[in-house]
Amino acid sequence: MPPVRARVTESLKTCLVGLALVIPYLRLRSRTAKELGVVGIGITLIWAVMIGAGSVIGYVQGRQSWPVIALTSIAIALVVANAFVFRKLTKPRPLNDTLSHH
């Protein structure tokens, strides 16, 4: 079993990722906040893919069981889904000009 310090450090990373994925995206108004959101989701996606690759390698080498691959696939899917939702909610919308034609 890894030392307590290593386990706490790894847990904190996971908690930060979880917090980043529950940010209410509609509250991000400024361009800087939106750019930080994109960077955060990008880093989270890279991190999830790296963990997923490590899981596949661990499975092939016999160090991990197959459910680890399923769980990391779900984690990657959650990050990708958050990226799509972030894009949909934060992209600029055209002005509503329905009143100008009357």
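When side chains are defined from C-beta on, Trp47 does not count as touching Val79, because their heavy atoms never get closer than 4.5 Å. Counting heavy atoms from C-beta outward, Ile69 and Gln64 have side chains that stay 4.5 Å or more apart. Between Val68 and Tyr59 there is no side-chain heavy-atom pair separated by less than 4.5 Å. Residues Tyr25 and Ile41 meet the side-chain proximity criterion, which asks for heavy atoms closer than 4.5 Å.
Tracing side-chain contacts under 4.5 Å through hydrophobic residues (I, L, V, M, F, W, Y), one reaches Phe84 starting from Leu45; they form part of the same cluster. Residues Leu28 and Leu36 are members of separate hydrophobic clusters, defined by side-chain heavy-atom contacts under 4.5 angstrom among Ile, Leu, Val, Met, Phe, Trp and Tyr. Leu89 and Val38 end up in the same hydrophobic cluster when Ile, Leu, Val, Met, Phe, Trp and Tyr side chains are linked at under 4.5 Å. In the hydrophobic cluster analysis, where Ile, Leu, Val, Met, Phe, Trp and Tyr join through side-chain heavy atoms closer than 4.5 angstrom, Trp66 is grouped apart from Ile74.
A distance of 10.5 Å separates SG in Cys15 from CD in Glu10, rounded to the nearest 0.5 Å.
Taking every heavy atom of both residues into account, Ser30 and Ala33 meet most closely at OG-N, 3.1 Å. Here the closest heavy-atom approach between residue Lys34 and residue Arg29 is recorded as CE-O, 3.8 Å. Taking every heavy atom of both residues into account, Lys91 and Lys88 meet most closely at CG-O, 3.9 Å.
Checked against Thr72 for a side chain to side chain contact (heavy atoms under 4.5 Å, CB included), the options Val56, Val49, Ile51 give a single hit: Ile51.
Heavy-atom contacts from other residues, nucleotides or ligands closer than 6.0 Å to CZ of Arg87 number 12 or fewer.
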